[in-house]
Amino acid sequence: MQYWSQTKINAFQKTLLTWYDQEKRDLPWRHDHDPYHIWVSEIMLQQTQVQTVIPYYQRFMAVFPTVAALAAAPEAELLKAWAGLGYYSRVRNMQKAAQQLIEDYQGIWPQTANELQKLAGIGPYTAGAIASIAFGQPEPAVDGNAFRVFARLFEIDADIAKPQTRQIFYDLIKEVISVERPGDFNQAIMDLGSSYMTAKNPDSAHSPVREFDQAYLDGRELDYPVKTKKPRPLPVDYFALLVKTPKGYLFEQRPNRGMLAELWTVPLIKWDELTAEPETKLLPELVALTAQQFAANTGIQLTPALIGGKPVSHTFTHQKWQITLLYVELAQVPDLSYFPGRVVMPADFAELALPKVQLKIWQRYQQLRQQ
DNA sequence: GATACGTGGAT
DNA sequence: TATCCAAGTAT
């Protein structure tokens with residue numbers, strides 16, 4: 001790895017920061033350097049786009065304005081504030097970290113990246129972001145943007161999908177980061193990566209740092225960063241049970257680990273938990289098995305019927321759910337002693353933390369009912 | 001060091 | 001529709 005001369009580093013910093021001073025985005029978490037504000041925004045922004053985060057950030061700050069408020073929040077309120085954002089362990093870890101801050105650090109934020117990483121949910125990237133933005137430490141914040149921008153500037157061929165590659169970029173950025181304005185430097189790289197130096201359709205020709213961009217100068221910017229592909233999501237078949245009772249629809253709270261942990265959905269039954277080879281069965285047979293399985297698990301007897309031909313489809317990072325809707329109406333609310341759930345009127349759905357897949361199921365159900 | 005973990009936008 | 005990408009972390 002050949003690094004730049006100090007003269008070139010100085011020129012790069014000046015060009016980058018001058019551009020940032022003129023063109024930086026006005027974002028809600030850029031109004032001050034409060035570590036709580038920086039932290040919440042950085043956690044929300046993990047694998048999530050800015051425009052998605054903004055309304056969540058504003059609501060979250062209104063409900064949980066301080067570390068102490070977050071530490072003391074009931075988990076149901078926490079999950080409701082996060083519902084729809086995804087990666088729900090982020091918010092549970094954030095509450096753990098808030099409690100760590102109060103109990104282990106007397107409410108005083110540690111200011112180094114190493115100490116920050118001891119807090120739940122704060123890894124190397126987020127530690128670098130908080131240390132640099134909130135505390136002015138010359139610490140790289142190596143996110144997807146930094147990988148892409150520096151891979152192009154230096155034509156780095158290491159595969160950014162591999163964990164050990166992070167060290168290469170960390171060491172490189174450590175050499176070129178502005179010691180006077182490390183937080184602005186890191187944020188400028190992120191703004192650059194989401195404007196001129198995007199993954200697809202970059203506009204390197206108008207980038208403020210085009211003369212430092214070796215991949216652009218060589219006409220090879222689309223060759224960087226090098227990143228191996230991930231496997232596609234595997235299809236998983238489910239039935240969703242829409243159980244209507246006089247006091248509302250039946251919902252269950254999902255287990256405290258795994259997909260959508262502790263969020264609420266209507267009961268979902270995996271086809272391959274009904275039988276070893278669901279693809280060999282006819283649909284009516286699988287529906288009957290669903291009722292059997294549900295009765296065995298909950299003590300609740302049902303005679304559900306199919307209500308729609310086309311399944312609801314919802315794709316996660318590594319699973320693609322195909323959900324067939326079943327419907328049954330009960331004359332009275334069943335005994336819920338052996339079931340981690342409750343019945344809820346549609347007007348009260350807002351009391352629950354509902355993932356997007358549940359909203360899709362409900363939308364489809366409403367459409368089908370109107371026909 | 002692979003893999004699990006959500007969602008929305010762009011093409 | 002399929003695919004990839006977006007301010008990653010925990011296990």
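Here A/Arg254 lies out of heavy-atom contact (under 4.0 Å) with every strand. No contact: A/Val53 has no heavy atom under 4.0 Å from any strand. Nucleic acid contact class of A/Ala261 (heavy atoms, under 4.0 Å, all strands): none. In this structure, A/Arg25 reaches the bases: a heavy-atom distance under 4.0 Å links it to at least one base atom across the strands shown. Contact annotation for A/Leu85: base contact, defined as any heavy-atom pair under 4.0 Å involving a base atom. Using a 4.0 Å heavy-atom cutoff across all strands shown, A/Pro124 reaches sugar-phosphate atoms only and no base atom. Across all strands, A/Ala129 comes closer than 4.0 Å to no nucleic acid atom at all (heavy-atom distances). Among the heavy atoms of the strands lying under 4.0 Å from A/Met259 are primed sugar atoms or P, OP1, OP2 only; no base atom is included. Across all strands shown, A/Leu27 has heavy atoms under 4.0 Å from base atoms, whether or not it also approaches the sugar-phosphate.
Heavy-atom distances to DNA chain C give each of A/Ile122 and A/Trp29 a nearest nucleotide, and the one nearer the 5′ end belongs to A/Trp29. Nearest-nucleotide positions on DNA chain B place A/Lys230 closer to the 5' end than the other of A/Lys356 and A/Lys230.
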Where do N or O atoms of nucleotides 9-11 of chain B meet protein N or O atoms at under 3.5 Å, pair by pair?
unit_1, atom_1, unit_2, atom_2, d
B/dT11, OP1, A/Asn201, ND2, 3.0

Strand DNA chain C in bracket notation, Watson-Crick/G-U under 3.5 Å with | for pairs to another chain: .|||||.||||
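Ranking B/dG6, C/dC4, B/dG1 by closeness to the A/Gln47 side chain, first place goes to B/dG6. The side chain of A/Thr126 has C/dG8 as its nearest neighbour among C/dG8, B/dG1, B/dT7.
Distances shorter than 4.0 Å separate none of the side-chain N or O atoms of A/Lys162 from OP1 or OP2 on B/dG1. For A/His314 and B/dT7, the shortest distance from a side-chain N or O to OP1 or OP2 is below 4.0 Å. Distances shown here put a side-chain N or O of A/Arg232 below 4.0 Å from the OP1 or OP2 atom of C/dT3. Phosphate proximity of C/dA6 to A/Arg148: present, with a side-chain N or O under 4.0 Å from OP1 or OP2. Side-chain nitrogen and oxygen atoms of A/His318 include none within less than 4.0 Å of the OP1 or OP2 phosphate oxygen of B/dT3. Listed pair A/Tyr87 / C/dA10 fails the phosphate criterion, with no side-chain N or O lying under 4.0 Å from OP1 or OP2.
Nucleotide B/dT7 holds its P atom 17 Å from the CG atom of A/Leu45, rounded to whole Å. Distance A/Gln95 CD to C/dT9 P: 20 Å, rounded to the nearest Å. Atoms CZ (A/Arg166) and P (C/dA10) sit 11 Å apart, rounded to a whole Å. The distance between atom CG of A/Leu116 and atom C1' of C/dG8, rounded to the nearest whole Å, is 16 Å. Between A/Asp143 atom CG and C/dC5 atom P the separation is 15 Å, expressed in whole Å. Spacing between atom CH2 of A/Trp82 and atom P of B/dT7 amounts to 13 Å, rounded to whole angstrom units. Summarising the geometry, the separation between NZ on A/Lys320 and P on B/dA4 is reported as 18 Å, rounded to the nearest angstrom. We find that OH of A/Tyr125 is positioned 13 Å from P of C/dA6, with the value rounded to whole Å.
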Verdict with reasoning, A/Arg181 to A/Asp21, per salt bridge (Lys or Arg N to Asp or Glu O under 4.0 Å): CA-CA 11 Å; A/Arg181 301 176 58 189; A/Asp21 288 338; 2.7 Å; yes
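In this structure, the ring of A/Phe185 has its center no less than 6.0 angstrom from the ring center of A/Tyr20. In summary, the aromatic rings of A/Phe316 and A/His314 are positioned with their centroids under 6.0 Å apart. For A/Phe212 and A/Trp4, the ring centers are positioned less than 6.0 Å apart. Between A/Tyr249 and A/Tyr327, the gap from one ring centroid to the other reaches at least 6.0 Å.
Once rounded to the nearest 0.5 Å, the distance linking CG of A/Leu153 with CD of A/Glu221 reads 11.5 Å.
Atom name P, nucleotides C/dA6 and B/dC5: the rounded distance is 23 Å, in whole Å. Nucleotides C/dT9 and B/dG8 have their P atoms positioned 22 Å apart, rounded to a whole Å.
Between A/Ala129 and A/Ala141, the shortest heavy-atom contact is N-CB, 3.8 Å.
Between A/Trp321 and the choices A/Leu268, A/Thr315, A/Val312, the side-chain contact (heavy atoms from CB on, under 4.5 Å) rule is met once, by A/Leu268. The ring-ring contact (aromatic ring centres under 6.0 Å, His included) with A/Phe294 is formed by just one residue from the set A/Tyr338, A/Phe339, A/Phe239; it is A/Phe339.
Between A/Asp218 and A/Arg152 there is no salt bridge, since no side-chain nitrogen of the basic residue lies less than 4.0 Å from a carboxylate oxygen of the acidic one. Salt bridge status for A/Lys270 with A/Asp237: absent, with no side-chain N to carboxylate O gap under 4.0 Å.
A donor N or O paired with an acceptor N or O is found under 3.5 Å between the base of B/dG6 and the side-chain atoms of A/Thr48.
Under the 6.0 Å distance and 45° angle rule, A/Arg59 counts as a cation-pi partner of A/Tyr56.
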